[in-house]
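What follows is one structure encoded as C-alpha cells, with my remarks underneath.
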Amino acid sequence: MELETIIGLEVHAQISTKTKLFCSCPTDSFGKAPNTAVCPVCMGHPGTLPVPNKRAVEKAVRMAKALKCALNERNYFSRKNYFYPDLPAGYQISQYDHPLAGRGEVAFDWNGVTTVCGITRLHLENDAGKLTHRGEASLVDFNRAGTPLMEIVTEPDLRSPQGAVSFAQELRRILVAADASDADMFKGMMRFDASISLRPKGDKKFYPRVEIKNLNSFKSLERALVFEEKRLMKLWKEGKAPDGEVTVGWLDDEEKTVILRDKESAADYRYFPEPDIPPLLIDAALVAQAGDVALPQQLRAEYIDLGLKPDEATLLIENPELKSLFDLVHERVKDARRVSSLLLTQLLGFLNAHEKTLADAPSADHLAELLERIADGTISGNAGKEVLEDMVVSGKDAATIIADKGMAQISDDSALLEIIDRAIKENADAIESYKAGKQAALGAVVGWIMKESRGQANPKKVNQLLLQKLG
Ligand code: ZN
Ligand code: MN
C-alpha cells in the first residue's frame, strides 16, 4: 500500500510592537531580570481591564492582507480556559469563532515548483509566561506574559517534512516583509505546532493525526516531522494505524518524540466571549491604514531582474536592514552588480572580520560615495577594498581616508608622463623587445610604473600614454 503524508502547521509569531497586547508593559524583556516587565493587567488580576493594542491589530491586518486572507469586519476575543502555572489569569485571551481573518493562501517555491498552501485562519492572542525547571523547583517568569502573538493556521496542504519547512521559511520572509514580526527564531519569536497523518494514496478522507507541540527552529520542525512520518509509516505497515489523535513533544537532544497526552478538543477549553473587550471593528479605514506588502516572491523577481543572483536576492529579503542599505545605495549608484559586490561580499566580510554588526556599518551615502570614487578613477577597485575596511574600522568617510592615506590614483597627464619617461629609460631592454614586435614586453614596463607609483598610477591612462609615446 502506498501512503501519502499530510501535514498542516500552526504558527505562532510574536508581533513586533513596543508594548504588550492588552497593557503598556514593554515587550523587549529579552535578557531582563524575571518579573520586571509586568503589571496588574498582564498578571491577570481581577478587576483590571485589558485594552487591545492598536499597532498589534494593524500589523495583524497587514499580515492577513499579505496572506490574501478574508478579513472579518467584526471580530471578537474569547477566553480559552486552562490551568497552567505560566498563565496568571487561568485563561488566555484568544479568538475562537470570530477570528481576525479567514481563508487565504501562500505561494512558495518547493523544489523549483511554485506550490500553494491554503491558510485556514489568522487570529490574535496573548502569550504565556515562561517556566524554568531547576531540580525539584519550578521558577516562573511573567515578562513574556501578554506579549502579542499572531496564530496562523494552515490547511492540511503540505505533503512532506521538507515541503513544510520551505513553506515555513517563506512565511517567515512574509512576516518580515510585512514588518509584522521580527521572527527571530533564536528569541522564540516564531514557533510551530505541526500536525501529521498518513493515508493510502488516492484516499480523500483524513485519518487521526499526531500533533507535535512547540518546535522552535526549522531544523527541529523538519526532524520531528521526519521522525513521526517514519513512526506512523511503520504503524500503518503493521496494520496498527492510530485510531485517536495524540499530542507529542519533540526532544531535541534525543531526536525523538514523546507522547504528552490525548489531543485536547475545543470543548476542553470552555471558550466563551471575553466580556471585558468590545467587538473589534476592522473597517475600511483601518484596512487602508494597515498598508500593503510587497511579497518576497515579487521582490525576489525584481532583484533578479536588476542583475542579482537568486541567493543574493534571498539574503536581502531575509535581512530588512541590509535590504534598505542596498536600496539606498542602489538608488544613487544604479548598478546592482557593483552595489551587491560591495555590500554582500566585501562589507559583510569586513563587518564579520571586525566583529561588528550592520548597525555599525558606514551610511548609505558614504558607501555610494566610495563606489563613485572607484567609478571616476580616483582610486582603483583594489584600493577601494582597503578604503572600505578603513571605513568600517574608523567610521571615517571615503574622501577623508583617500586624502589621509594619499591613495588617489595619479590620472594627471604631466605627472604620469614624468614617470613614463623614466620608465622608458630604466627599461631599455623591454622597450627594444617591444619595438622588435614582442607585445608582451610592454607588461614589464607597465609593471615598473605601477610599482614606482606605489600602485597609484591609473593603469588605463598609463597604457594609453605609453602607447602614444612609443607609437
Ligand atoms: Zn502589563
Ligand atoms: Mn495559540
Side-chain angles (χ1 to χ4, degrees), residues 2-14 106 108-113 115 117-120 127-128 130-133 149-176 181-199 201 206-238 240-242 244-264 311 314-315 318:
E2 206 189 335
L3 293 164
E4 181 182 35
T5 301
I6 309 290
I7 295 170
L9 297 180
E10 278 181 33
V11 183
H12 287 91
Q14 180 178 333
V106 170
F108 66 104
D109 244 27
W110 165 232
N111 269 352
V113 181
T115 308
C117 179
I119 300 294
T120 312
D127 207 348
K130 227 182 232 170
L131 285 174
T132 311
H133 305 285
L149 299 177
M150 258 179 286
E151 180 176 323
I152 299 165
V153 183
T154 79
E155 292 290 294
D157 286 347
L158 303 161
R159 291 292 173 267
S160 72
Q162 296 77 17
V165 170
S166 289
F167 163 81
Q169 287 169 334
E170 186 67 11
L171 187 68
R172 182 179 179 278
R173 289 180 204 114
I174 300 173
L175 283 166
V176 171
S181 171
D182 295 333
D184 185 335
M185 318 272 298
F186 179 70
K187 292 184 182 171
M189 289 178 179
M190 193 180 181
R191 316 192 288 264
F192 310 100
D193 300 329
S195 289
I196 178 168
S197 63
L198 302 182
R199 70 179 174 194
K201 198 143 194 165
F206 294 118
Y207 291 79
R209 62 189 166 143
V210 176
E211 187 179 30
I212 315 165
K213 285 301 226 188
N214 246 323
L215 299 160
N216 291 317
S217 68
F218 294 128
K219 201 169 90 182
S220 50
L221 174 63
E222 180 171 351
R223 288 190 179 170
L225 281 170
V226 166
F227 180 91
E228 275 303 312
E229 188 181 45
K230 260 193 209 141
R231 191 178 71 85
L232 290 172
M233 200 76 82
K234 186 161 174 278
L235 289 173
W236 271 84
K237 300 255 148 107
E238 289 165 354
K240 291 187 260 178
E245 305 200 326
V246 288
T247 300
V248 304
W250 172 247
L251 302 175
D252 240 334
D253 300 336
E254 295 167 50
E255 303 246 331
K256 64 172 195 178
T257 56
V258 281
I259 293 191
L260 298 176
R261 55 185 180 262
D262 291 346
K263 185 166 168 38
E264 53 291 272
D311 54 337
T314 302
L315 186 62
E318 291 183 350

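One is the number of the first residue; the rest follow in order along the sequence.
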If you measure from [atom1] on [X] to [atom2] on [Y], what distance do you get to the nearest 0.5 Å?
X    : Y    : atom1 : atom2 : result
E228 : I196 : CD    : CD1   : 7.0 Å
I6   : R199 : CD1   : CZ    : 3.5 Å
R209 : L198 : CZ    : CG    : 14.0 Å

Compare all side-chain heavy atoms of [X] with those of [Y] and state whether any distance is below 4.5 angstrom.
X    : Y    : answer
N214 : N216 : yes
M190 : L171 : yes
T314 : Q169 : no
K187 : D182 : no
K234 : K237 : no
L149 : Q14  : yes
W250 : R223 : yes
L158 : W110 : no

*Might you work through the side chain to side chain contact (heavy atoms under 4.5 Å, CB included) test for L175 and M189, ending with a clear yes or no?*
CA-CA 11 Å; L175 283 166; M189 289 178 179; over 6 Å; no
Please answer whether the main-chain N or O of [Y] pairs with a side-chain N or O of [X] as donor and acceptor at a distance below 3.5 Å.
X    : Y    : result
D193 : E10  : no
T247 : E211 : no
D184 : F186 : yes
S197 : S195 : no

Provide the closest heavy-atom pair for [X] versus [Y] in the form atom of the first, atom of the second, distance.
X    : Y    : result
A183 : R172 : O-NE, 2.9 Å
L225 : A164 : CD1-CB, 3.9 Å
C117 : D157 : C-OD2, 3.8 Å
P161 : I7   : N-CD1, 3.6 Å

*asked:* Please verify the inter-ring angle class for F192 with F218; under 30° counts as parallel, over 60° as perpendicular, anything in between as tilted.
replied: tilted
*Just checking, is any N or O donor in the side chain of E155 or T120 under 3.5 Å from an acceptor N or O on the other one?*
yes
*Matching residue for L9 among I152, L215, L221 - test: side-chain contact (heavy atoms from CB on, under 4.5 Å)*: L221
*Would R191 and V11 count as a side chain to side chain contact (heavy atoms under 4.5 Å, CB included) if you check the C-alpha gap in whole Å, the side-chain angles of each, and the deciding distance to 0.1 Å?*
CA-CA 6 Å; R191 316 192 288 264; V11 183; over 6 Å; no
